[in-house]
Visitor: 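What follows is a single structure, and I will ask about it in a moment.
Numbers restart at 1 for each chain; the letters A, B, ... are given by sequence-line order, proteins then strands. Keep in mind that the numbers below use all heavy atoms, side chains included, and drop hydrogens, waters and symmetry copies.
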Number of protein chains: 2
Amino acid sequence: MTRIATLSETRSNCHDCRLRSLCLPDNLSKEDIGELDSIVQRRKPVARGAYLFQAGQRFNSIFAVRTGSVKASTLLANGDEHISGFHLPGDVIGLDAIVSRDHPSTAIALESTSVCEIPYAELESLGDRLPTLQHQLVRIMSRELLAEQSTGHLLTRRAAEQRLAVVLLKFSERFANRGLSALRFRLPMSRLDLGNYLGLVPETMSRTFRRLEEQGLLSIAGKEIEIVDVCAIKALAYGNNEGDLAAKA
Amino acid sequence: MTRIATLSETRSNCHDCRLRSLCLPDNLSKEDIGELDSIVQRRKPVARGAYLFQAGQRFNSIFAVRTGSVKASTLLANGDEHISGFHLPGDVIGLDAIVSRDHPSTAIALESTSVCEIPYAELESLGDRLPTLQHQLVRIMSRELLAEQSTGHLLTRRAAEQRLAVVLLKFSERFANRGLSALRFRLPMSRLDLGNYLGLVPETMSRTFRRLEEQGLLSIAGKEIEIVDVCAIKALAYGNNEGDLAAKA
DNA sequence: CACGCAACTTGACTGAAATCAAAATCGCCC
DNA sequence: GGGCGATTTTGATTTCAGTCAAGTTGCGTG
């Protein structure tokens, strides 16, 4: 099974970055992008399992994912792990730490991952001088708010099939936003982790994926997913009709 | 049963507003607050059931709740209502509309409610001139992000008692943040609406409240709630130990 | 390549929340 | 105060995801 979904390598400057329209440079003039460029630190790729930052760590920077993927994880008081999100290239991580000045969760690379690190104090200062940049930051935060609300909605649904259908459609859309196939993609996280995020145990994840495949909605090979019957998946996800939350996040 | 929890009337300017530290004026100098004041529109109280804005409506303003309470509601494709949040005095509403330029949900007053309306274009312009104001807006958005993540976490829990325990503790904390009793408060929303938010049907809400009361954790009179055994509620909410997410949102 | 561990699958069983149905209560308006 | 509609409660039953137990597969490391 060959690899279906791949993000091509992004360039080493914001102006030429393929993910520009999802990230801070969007809406900025060429000159302003140049200024932003000067504060962005392009970190070397980190290996799978590496931490970008840890919960409780002092907040200094936000991070834009360039390649790879990241999960946001919290260690609960009872020793369990809770996964609160998955970040793809183009996502900006760490915005939740701005208010409290420390990171509420740990960011762990799901595969080899490269990020742009943007020191927040410098971003803040630059934003004071470049209003468009500051506005773009606010827009990105608004976008993240919407995404979190959408997750909240999905998690009020009890049915495992529905939860899975919604999250697959959300991934589908996120991949499409990045120029990849909406119908065939590779999920970077384990079934276990995805289940943790969805509030479903591994047994249920296994059964639910299998049911969706047997019903002809999906075709699955390991982590490779093909959405076979988009209409049926959407009907399952949202009730009798398409769209609604999908159009927002 | 007399009314236990009440927010006193806020003053008609930002500087003297009791909710200042939860809202945009926080961290601003007296002069800057004066400038903010000049763009804030203090709307007359609206009646219970009134809309502050509707889903799909063009985004022009954000709203700070001064008195009363508001639910955020979305009409789903299948005709059902989904409730995505409850806003108390000091909360800033509408931040999720910044990116898409239209409101994703409808804001409905749960009781007589007054808000300060802040036209966003004016706020944006003022923020360009007053960096501290813009930074405060970003902090408020970061706070909202945290709160949404916390909701997401609660909703991965399957047990109705745990969901209810967590949400009561969150309300408890929010009331405490506003100078009210953390242990005795009146919930402004119906059991139906709270259940919708939690993904629990009315029957389960009824049973779960009753169980928590029978077990001695709560004392309930209609919408008035008293948390009787804080330790037991926290143990129920978070497993064997206190704190963790509670400390963040 | 072999081994060990983590991830995943499968089957049987259980229990909690949803569903269904109906009754009771509450709040609002005339 | 009465009526009506919405909300809430109560009881019986069903459903489905979690738990328990064990087996299988995949991946990474030496």
Side-chain angles (χ1 to χ4, degrees), chain A residues 1 3 47-50 71 73 78 80-81 83 108-112 154-167 186-215 218 220-225 236 239, chain B residues 1 3 47-50 71 73 78 80-81 83 108-112 154-167 186-215 218 220-225 236 239:
Chain A
M1 177 59 72
R3 186 178 176 98
R48 170 194 165 123
K71 71 176 176 180
S73 165
N78 61 13
D80 290 350
E81 177 186 31
I83 294 172
I108 303 166
L110 292 170
E111 55 194 323
S112 178
L154 114 78
L155 295 172
T156 57
R157 309 283 100 185
R158 172 175 149 99
E161 284 181 16
Q162 193 173 9
R163 287 186 180 198
L164 189 52
V166 172
V167 83
R186 183 190 147 271
L187 292 175
M189 76 297 290
S190 68
R191 291 267 180 88
L192 231 73
D193 279 353
L194 186 58
N196 183 312
Y197 174 72
L198 290 176
L200 300 173
V201 297
E203 292 93 333
T204 302
M205 289 296 283
S206 186
R207 293 188 176 101
T208 308
F209 264 116
R210 183 168 166 174
R211 277 204 307 271
L212 291 187
E213 192 175 31
E214 284 172 350
Q215 290 162 16
L218 300 181
I220 299 161
K223 291 186 177 181
E224 306 278 350
I225 306 283
L236 175 58
Chain B
M1 176 60 72
R3 186 178 176 100
R48 171 196 166 122
K71 71 177 178 182
S73 165
N78 61 12
D80 289 350
E81 176 186 31
I83 295 172
I108 303 165
L110 293 171
E111 55 195 320
S112 176
L154 116 77
L155 294 173
T156 57
R157 308 285 100 183
R158 170 173 149 99
E161 283 180 18
Q162 192 174 10
R163 288 186 179 197
L164 189 51
V166 172
V167 82
R186 184 191 144 270
L187 291 175
M189 76 297 292
S190 67
R191 293 267 181 87
L192 228 72
D193 279 352
L194 187 57
N196 184 311
Y197 174 72
L198 291 175
L200 299 173
V201 298
E203 292 94 333
T204 302
M205 288 297 281
S206 188
R207 294 188 176 102
T208 309
F209 264 116
R210 180 166 169 175
R211 275 203 311 271
L212 291 187
E213 192 175 32
E214 283 171 350
Q215 290 162 15
L218 299 181
I220 299 161
K223 291 186 177 179
E224 306 278 350
I225 307 283
L236 176 58

Visitor: I need the full list of side chain to side chain donor-acceptor pair (under 3.5 Å) pairs touching residues 157-167 of chain B, with sequence neighbours left out, sorted by first then second residue.
Guide: Glu161(B)-Arg211(B)
Visitor: Measure the distance from CD1 on Ile220(B) to P on dT7(D) and round it to the nearest whole Å.
Guide: 19 Å
Visitor: Rounding to an integer number of Å, can you tell me how far Glu111(B) CD sits from dG27(C) C1'?
Guide: 15 Å
Visitor: Write down the distance between CG (Asn196(A)) and P (dG18(D)), rounded to a whole number of angstrom.
Guide: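 My rounded result for the distance is 12 Å.
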Visitor: Tell me the interatomic distance from Glu224(A), atom CD, to dG26(D), atom C1', rounded to whole angstroms.
Guide: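 In whole Å, dG26(D) C1' and Glu224(A) CD are 15 Å from each other.
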Visitor: Any side-chain N or O of Arg157(B) under 4.0 Å from OP1/OP2 of dG18(D)?
Guide: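 No, Arg157(B) has no side-chain N/O under 4.0 Å of OP1/OP2 on dG18(D).
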Visitor: Any side-chain heavy atom of Leu154(B) sitting closer than 4.5 Å to one from Leu198(B)?
Guide: yes
Visitor: Going by side chain to side chain donor-acceptor pair (under 3.5 Å), name the residues that satisfy it together with Asp193(B), two or more places apart in sequence or in a different chain.
Guide: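 Applying side chain to side chain donor-acceptor pair (under 3.5 Å) to Asp193(B) gives Lys71(B).
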Visitor: Polar atom pairs between nucleotides 5-14 of chain C and protein, under 3.5 Å, N or O only, would you list them?
Guide:
residue	atom	partner	partner atom	Å
dC8(C)	OP1	Arg191(A)	N	3.1
dC8(C)	OP2	Arg191(A)	N	3.0
dC8(C)	OP2	Leu192(A)	N	2.8
dT9(C)	OP1	Arg191(A)	NH1	3.0
dT9(C)	OP2	Arg191(A)	NH1	2.8
dT9(C)	OP2	Ser206(A)	OG	2.7
dT9(C)	O5'	Ser206(A)	OG	2.9
dT10(C)	OP1	Arg210(A)	NH1	2.9
dT10(C)	OP2	Arg210(A)	NH1	2.6
dT10(C)	O5'	Arg210(A)	NH1	3.4
dG11(C)	N7	Arg207(A)	NH2	2.6
dG11(C)	O6	Arg207(A)	NH2	3.0
dA12(C)	N6	Arg207(A)	NH2	3.3

Visitor: Using the test salt bridge (Lys or Arg N to Asp or Glu O under 4.0 Å), find all partners of Arg48(A) that sit at least two apart in sequence or belong to another chain.
Guide: none
Visitor: At what distance, to the nearest 0.5 angstrom, does CD1 of Ile108(A) lie from CD1 of Ile83(A)?
Guide: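 Nearest 0.5 Å value for the CD1-CD1 distance: 7.5 Å.
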Visitor: Contact class for Gly199(A) (heavy atom, under 4.0 Å): base, sugar-phosphate, or nothing?
Guide: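 Sugar-phosphate, backbone atoms only, no base.
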Visitor: Can you tell me if the side-chain N/O atoms of Arg158(A) get under 4.0 Å from OP1 or OP2 in dT19(C)?
Guide: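 No, outside the criterion.
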Visitor: Evaluate Leu194(A) against Leu200(A) for side chain to side chain contact (heavy atoms under 4.5 Å, CB included), listing each step before the verdict.
Guide: CA-CA 8 Å; Leu194(A) 186 58; Leu200(A) 300 173; over 6 Å; no
Visitor: Please give, in whole Å, the distance from dG11(D) P to Arg211(B) CZ?
Guide: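 In whole Å, dG11(D) P lies 14 Å from Arg211(B) CZ.
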Visitor: Could you state the CD-P distance from Glu214(B) to dT9(D), rounded to the nearest angstrom?
Guide: 12 Å
Visitor: What is the distance from CD of Glu161(B) to P of dG15(C), rounded to the nearest Å?
Guide: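 Those two atoms, CD and P, are 15 Å apart.
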Visitor: My understanding is that only residues two or more places apart in sequence, or in another chain, count here; which of them pass side chain to side chain donor-acceptor pair (under 3.5 Å) with Ser190(A)?
Guide: none
Visitor: My understanding is that only residues two or more places apart in sequence, or in another chain, count here; which of them pass side chain to side chain donor-acceptor pair (under 3.5 Å) with Thr208(A)?
Guide: none
Visitor: Tell me the bend of the helix from dC1(C)-dG30(D) to dC30(C)-dG1(D) as the angle between end helix axes, each from five pairs, rounded to the nearest 10 degrees.
Guide: 60°
Visitor: Below 4.5 Å, heavy atoms only, C-beta onward: do Met205(A) and Leu192(A) meet side chain to side chain?
Guide: no
Visitor: How close or far is atom C1' of dA16(C) from atom CD of Gln162(B), stated in whole angstroms?
Guide: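 One finds 13 Å between C1' of dA16(C) and CD of Gln162(B), rounded.
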Visitor: With sugar-phosphate meaning primed atoms plus P, OP1 and OP2, does Arg163(B) contact a base, only sugar-phosphate, or nothing at under 4.0 Å between heavy atoms?
Guide: nothing
